[in-house]
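Down below is the structure, laid out as structure tokens.
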Amino acid sequence: MKVSRHCAPFNLAAILLLWPSLVFSFSFVRRRTQKLGNYVPTDDSLIGRNRVMSLRAYVVDPKTENSSGASAEEKAGFDTRGITERIMKSIQAESQATGAGGASTWEAFQRAEQNWARLKAYIPSSEDVPPPPFVVEGDGSSKPRCFEKLQQQKDKSLDYDIAICGGTLGIFFAMALQLKGHKVCVIEAGKLRGREQEWNISMDELLHLKKLGVLSQQDIDDAVQTEFPGCRSGFKNEEVPVTDGYPKNGIGYECFTKNVLNLGVSPKILLERVSERFESMGGVIKQETPLQGVFVLNDIGAALDLGEETEPITASLIMDAMGNNSPITRQQRFGNKPDGVCAVVGSCASGFDAETNILGDIIYTNTMIQDKKENGKMQYFWEAFPVGIGRNGNEPGSSDVKTTYMFTYMDADQRRPSLETMMEDYFTLLPQYQSSIKNPETDLDFTRVLFAYFPTYRESPLKPAFDRVLAVGDASGIQSPLSFGGFGALTRHLDRITEAVTEAMECNLLNKADLGEINAYTPNLSAAWMFQKAMSIKIGQPFVSKKFINRLLATNFEVMDNMGPRTITPFLQDVVRFDGLVGSLAKSFIADPTFMPVIVTWVGIPTLVEWLGHLFMMGSYAALDSFVTPWLGPIGNAVLRDERTRYHLNRKIDAWRFGSGSDFDVTELPKE
């Protein structure tokens with residue numbers, strides 16, 4: 001599936017105004033004792049009984065929250081049973097790309113379904129027996145060929161300075177590092193090619209790649225296949241026109257933001273151009289080369305095990321760009337079930353109304369929370385992008401091709417629905433979302449059916465567990481927990497990571513502690529976990545208003561929209577800025593003051609306390625970036641003689657900037 005992002009942030013900072021009353025109203029709070037990465041459910045008993053009972057009538061209105069209803073088939077007016085298999089088998093087979101959503105066949109869908117079922121069924125236990133390690137340090141008996149080659153190259157040059165595993169996004173890291181003078185090799189298990197389906201991104205992100213020399217202007221011009229003015233964000237309890245905001249109309253709010261995810265680029269062209277330039281500069285790409293394991297001798301280097309018939313490759317540093325399903329990441333996260341999941345289904349098809357196919361939806365709802373009975377409750381969101389307009393002589397309104405996604409946030413509880421159930425819901429609800437469609441199976445000509453689930457962990461970014469091995473991109477969890485896909489996160493962090501890697505290589509600071517400073521704690525990423533939690537509903541969670549999420553997001557997006565592009569645009573590009581978050585505090589509270597206690601009840605006091613800690617750290621990082629970095633950076637780099645101390649100072653400066661969201665320059669955006 002396309003590498004796209006969406007962000008649905010909301011402003012819980014208004015709770016700060018309520019903090020004294022919260023302390024008074026809730027007599028005690030159980031301190032959260034978990035370490036990051038181990039999920040501990042919120043204990044609803046922590047909330048005072050009288051307080052909860054007083055909210056019961058407010059949160060749930062039985063007259064408007066009737067959970068009974070017709071079956072999916074009755075609602076849709078057509079038979080959705082087996083529709084996924086029928087449609088997928090009707091699509092002509094094509095060469096499949098690698099990466100999340102790269103395969104779009106019924107067989108690939110069944111494999112994804114089986115993996116999803118296994119993930120849901122998994123219950124972590126102290127008795128779990130880990131599989132054979134993918135990364136081995138020191139013990140040459142398990143990787144004798146790797147051990148032998150490293151010993152032979154001791155005090156000599158290794159094959160490469162850096163080996164990057166995973167080419168779809170890894171090629172961008174490789175190009176940036178090759179430009180900095182490193183000798184780089186990319187290992188890709190399959191063919192390194194981009195799929196035909198477009199990735200959606202903003203121009204400022206592409207221009208950042210141009211600034212780094214990874215792309216040329218000609219590359220950008222050739223790769224951009226679609227361009228439209230911008231995207232809508234909307235949150236409504238039903239599909240009707242709305243005016244004013246949620247507090248007045250009780251239905252929802254929608255707004256339009258210019259120049260956000262408004263470009264559809266061809267992954268095929270991007271990867272071809274970057275790969276060609278990378279190889280022309282001496283870079284090496286090894287395609288159809290499955291990785292069997294990694295062996296590390298800290299005092300020499302690391303070796304990639306490519307199988308019995310292929311000689312191992314050695315390098316000073318291994319960068320893992322194999323995505324969230326990386327075997328290295330799986331080894332490191334063994335025994336930890338994901339803290340959250342973003343599940344996505346969708347399609348690319350023709351047959352939509354061309355005249356209205358001129359804008360995108362970055363995040364949109366037109367239904368309330370869905371009650372899936374034994375599968376729990378979920379809020380479905382939509383994302384959609386027109387294809388084939390605005391470039392190459394294709395005028396707006398001339399294309400009936402559209403990519404549509406339906407996604408939801410949830411945990412990986414074993415009772416959660418199957419991917420096929422969600423796909424059937426997608427086909428059922430699509431006519432309600434796209435009114436020109438009555439029956440997707442007969443009205444649309446499908447070119448791809450899209451499906452994926454993205455496990456997310458609170459322990460992110462993932463610090464290295466091994467010397468000479470660094471996770472980047474989705475493998476490290478650096479992308480927002482609200483996102484599916486990491487191309488936007490790559491453009492944001494590429495310069496920071498490649499600069500840090502270059503300094504680490506020059507100073508020979510390749511142990512896990514030093515490399516860990518590259519994937520340092522970022523409070524704005526940690527704060528985003530509150531956003532995901534507020535948009536998901538635990539199995540058995542009490543007092544669930546079907547309107548809660550729409551009301552929450554409608555209120556906060558109205559505030560951010562009214563504050564202007566400098567507030568809402570960073571949010572929509574997955575950057576949580578401290579000033580934007582706190583700046584909307586008072587207005588959010590004023591807009592819907594009675595909603596604040598409901599939010600507290602929904603997310604739970606322990607989670608709220610933890611979030612306030614991250615918010616405090618965001619403020620601290622913003623202050624350090626604004627007032628300390630301008631003088632400490634130049635002085636420290638000029639005065640400090642110890643390379644390691646200087647390296648750690650630079651990583652702290654990076655963390656302050658990116659952890660507060662200050663890396664997103666809002667001064668180039670209009671105020672209004």
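- Judged by distance alone, the side chain of Ser326 and the main-chain N or O of Gly323 form no donor-acceptor pair under 3.5 Å.
- For the residue pair Thr367 and Glu238, no side-chain donor N or O sits within less than 3.5 Å of a side-chain acceptor on the partner.
- Side-chain contact check for Asp219 and Ser216: at least one donor-acceptor pair (N or O, by modelled atom type) lies under 3.5 Å.
- Counting heavy atoms from C-beta on, the side chains of Asn357 and Asp400 never come closer than 4.5 Å.
- Gln217 and Lys210 form a side-chain donor-acceptor contact under 3.5 Å, judged by distance and modelled atom types alone.
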When you look at Glu198 and Thr403, which way does the side-chain hydrogen bond (donor to acceptor under 3.5 Å, both in side chains) test go after all the steps?
CA-CA 9 Å; Glu198 295 175 354; Thr403 301; over 6 Å; no
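- A salt bridge does not link Arg111 to Glu107: none of the charged nitrogens lies less than 4.0 Å from a carboxylate oxygen.
- Between Phe407 and Tyr409, the ring-plane angle classifies as perpendicular under the 30° and 60° cut-offs.
- Of all non-hydrogen atoms in Ile478 and His493, the two that sit nearest each other are CG1-NE2, 3.6 Å.
- Considering every non-hydrogen atom in both Pro431 and Lys438, the closest pair reads CG-O, 3.6 Å.
- Contact between Val387 and Ser399 at its shortest, heavy atoms only, is O-OG, 2.5 Å.
- Every residue two or more places apart in sequence or in another chain that forms a side-chain hydrogen bond (donor to acceptor under 3.5 Å, both in side chains) with Asn550 is listed here: Asn237, Thr365.
- Taking the side chain as every heavy atom from C-beta outward, Tyr380 and Met422 approach each other to under 4.5 Å.
- For Arg448 (side chain) and Ser347 (main-chain N/O), no donor-acceptor pair under 3.5 Å exists by modelled atom type.
- At distances below 3.5 Å, not a single donor-acceptor pair connects side-chain atoms of Asp361 with backbone N or O atoms of Ala384.
- A donor-acceptor distance shorter than 3.5 angstrom exists from the side chain of Arg577 to the backbone of Gly661, with no hydrogens or angles considered.
- Salt bridge present: Arg273 and Asp222 bring a charged side-chain N and a carboxylate O closer than 4.0 Å.
- Within the 3.5 Å criterion, the main-chain N or O of Tyr457 finds a donor-acceptor partner in the side chain of Ser460.
- Side-chain contact annotation: Asn366 with Lys236, donor-acceptor N/O pair under 3.5 Å absent.
- Using cut-offs of 30° and 60° on the angle between ring planes, the pair Phe571 and Phe531 is perpendicular.
- Using a 4.5 Å cut-off on side-chain heavy atoms (C-beta onward), Val344 and Tyr453 make no contact.
- Using modelled atom types, no side-chain atom of Gln379 and backbone atom of Thr408 make a donor-acceptor pair closer than 3.5 Å.
- Listed for the Gln287 side chain is a donor-acceptor partner under 3.5 Å among the backbone atoms of Leu192.
- Salt-bridge annotation for Asp425 and Lys372: present, with a side-chain N of the basic residue lying under 4.0 Å from a carboxylate O of the acidic one.
- With sequence neighbours excluded, no residue forms a side-chain hydrogen bond (donor to acceptor under 3.5 Å, both in side chains) with Ser233.
- Residues Ile369 and Ser545 come closest through the heavy atom pair CD1-O, 3.4 Å.
- Annotation for Glu355 and Ile358: closest pair O-CG2, 3.8 Å, computed over non-hydrogen atoms.
- Checked by atom type and distance alone, the side chain of Asn394 never pairs as donor or acceptor with a backbone atom of Gly390 at under 3.5 Å.
- Side-chain N or O atoms of Thr442 include one that pairs as donor or acceptor with a backbone N or O of Asn439 at under 3.5 Å.
- Considering all non-hydrogen atoms of both residues, Phe451 and Thr105 come closest at CZ-O, 4.1 Å.
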Walk me through whether Tyr253 and Asp244 qualify under side-chain hydrogen bond (donor to acceptor under 3.5 Å, both in side chains).
CA-CA 7 Å; Tyr253 179 80; Asp244 299 320; over 6 Å; no
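- A cation-pi arrangement is present between Arg232 and Tyr364, with the terminal nitrogen or guanidinium carbon under 6.0 Å from the aromatic centre and inside a 45° cone about the axis.
- Between the side chains of Arg391 and Gln225, no donor-acceptor pair of N or O atoms lies under 3.5 Å.
- Results of the ring-ring contact (aromatic ring centres under 6.0 Å, His included) test with Tyr426 over Trp382, Tyr433, Tyr405 single out Trp382 as the only residue that passes.
- In terms of modelled atom types and a separation under 3.5 Å, the side chain of Arg86 and the main chain of Arg81 share a donor-acceptor contact.
- Using a cutoff of 4.0 Å between basic side-chain nitrogens and carboxylate oxygens, Lys120 and Asp413 are not scored as salt-bridged.
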Lys538 vs Asp411, test: salt bridge (charged side-chain N to carboxylate O under 4.0 Å, His left out). Steps then yes/no.
CA-CA 7 Å; Lys538 292 187 300 181; Asp411 53 31; over 6 Å; no
